[in-house]
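Index from 1, following the sequence.
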Amino acid sequence: MKTVCNFCKTEYSIDGATSGPVRCAVCGYVWNVTHAPRRGAVLTLFAAMCAALAALVFAAAVMITNHNSAKKMRQPLVVRVTDTRTAPDAVGVPRFIVTGVVENKSDEIYGAPDLVAISYDANGTVIGRQKFIPSATLIDAGTSVPFSQVLTSPADKVKKIMVKFSTQGE
C-alpha cells in the first residue's frame, strides 16, 4: 500500500496490514494510516445477483407487455355489411334496412358485442346512431352470425351507412 507524508510529500510503501500512526523518516511528521474498507466477495456476488434479478424482471415485463399489446391488436371479430336496401315503414316513410354478418376469425368462441349503425348525410355529418344486438350472443370459432336492422333515420337524408362494434357510451 502507498501512503504520502502530508507535510513534505514523501511517498512510502508500507505493509497492507499496517494501520495507525506513522512517522515520516525525512521530516518527523506523524499521521494516521487507515485502510479503505475492502469489498468482500460476498457483497460483489450479492450485487451481481441483484443485477441479474433486475434484468430478469425487466425482460419479463417487456415480454408480458408485448404479448398483451399483440393480443389487443388482433381483431378476432369482424363486422361486414352485405346489403343495404330501402323499404317503406308502417306509415310509408322509406327506411334503410342494413344486413350483414359478424365473423369470428379466431380459433376461440367469442361473445357477440352490440353493434351500432351510423348514418351520414352528403357532408359526412352523423345524422343518426342506432345501437342493436346481433342475432346470437356467442359466435363459434370460424363461424359468422347474421344481422338485419331497420334504421330509424329517413332514407332520403342518408348518403352513407357504417356498422361497427359499439363502444362504451354509445
Side-chain angles (χ1 to χ4, degrees), residues 1-81 98 100-134 136-145 147 159-170:
M1 179 175 128
K2 294 222 181 236
T3 187
V4 177
C5 172
N6 294 335
F7 187 74
C8 70
K9 307 300 180 209
T10 303
E11 292 183 13
Y12 294 94
S13 203
I14 59 173
D15 181 13
T18 304
S19 163
V22 175
R23 180 182 304 272
C24 179
V26 175
C27 69
Y29 181 77
V30 177
W31 72 96
N32 277 327
V33 174
T34 57
H35 295 288
R38 288 188 174 183
R39 294 186 181 179
V42 174
L43 288 177
T44 304
L45 178 63
F46 180 71
M49 289 174 58
C50 286
L53 181 61
L56 284 173
V57 169
F58 177 75
V62 167
M63 287 171 46
I64 289 169
T65 301
N66 286 344
H67 179 71
N68 288 342
S69 63
K71 263 184 156 177
K72 288 178 187 174
M73 289 174 57
R74 279 187 254 139
Q75 297 274 335
L77 300 179
V78 177
V79 177
R80 188 167 46 91
V81 174
V98 179
V101 293
V102 178
E103 298 177 73
N104 182 352
K105 301 230 179 223
S106 75
D107 296 333
E108 300 175 16
I109 191 169
Y110 273 91
D114 293 345
L115 300 173
V116 63
I118 304 168
S119 304
Y120 298 89
D121 67 9
N123 298 324
T125 305
V126 175
I127 58 173
R129 253 179 223 282
Q130 191 170 331
K131 189 173 179 179
F132 62 98
I133 300 171
T137 56
L138 293 175
I139 306 173
D140 284 327
T143 63
S144 60
V145 172
F147 65 83
K159 297 299 179 200
K160 179 182 171 186
I161 299 170
M162 183 173 82
V163 177
K164 66 177 193 165
F165 295 115
S166 177
T167 58
Q168 289 188 354
E170 278 190 303

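Looking at every heavy atom in both residues, Ile118 comes nearest to Lys164 through CD1-CE, 3.7 Å. Closest heavy-atom contact between Thr143 and Asp140: OG1-O, 2.7 Å. Shortest non-hydrogen contact noted between Pro21 and Val30 is CB-CG1, 4.1 Å. Contact between Lys159 and Ala122 at its shortest, heavy atoms only, is CG-N, 3.4 Å. Nearest approach of Cys24 to Tyr12, heavy atoms of both residues: SG-OH, 3.1 Å.
Dense packing is recorded around CG of Leu138, with more than 12 heavy atoms of other residues, nucleotides or ligands lying under 6.0 Å away.
Val102 places a side-chain heavy atom less than 4.5 Å from the side chain of Ile139. Here the side chains of Phe7 and Val26 are not in contact, with every heavy-atom distance at 4.5 Å or above. A heavy-atom distance below 4.5 Å is found between the side chains of Val163 and Phe132.
A donor-acceptor contact shorter than 3.5 Å is absent between the side chain of Tyr120 and the backbone of Met162. Side-chain atoms of Asp121 come within 3.5 Å of backbone atoms of Asn123 as a donor-acceptor pair (strictly under, hydrogens ignored).
Atoms SG and CD, on Cys5 and Glu11 in that order, are 11.0 Å from each other to the nearest 0.5 Å.
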Please list every donor-acceptor pair under 3.5 Å in which a side-chain atom of residues 105-116 meets a protein atom from a residue at least two apart or in another chain.
unit_1 : atom_1 : unit_2 : atom_2 : d
Ser106 : OG     : Asn104 : OD1    : 2.7
Ser106 : OG     : Glu108 : N      : 3.2
Ser106 : OG     : Glu108 : O      : 3.1

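Residues satisfying the side chain to side chain contact (heavy atoms under 4.5 Å, CB included) criterion with Val33, sequence neighbours excluded, are Met1, Thr3, Ile14, Val22, Trp31. Applying the salt bridge (Lys or Arg N to Asp or Glu O under 4.0 Å) criterion to Arg80, with sequence neighbours excluded, gives Glu103.
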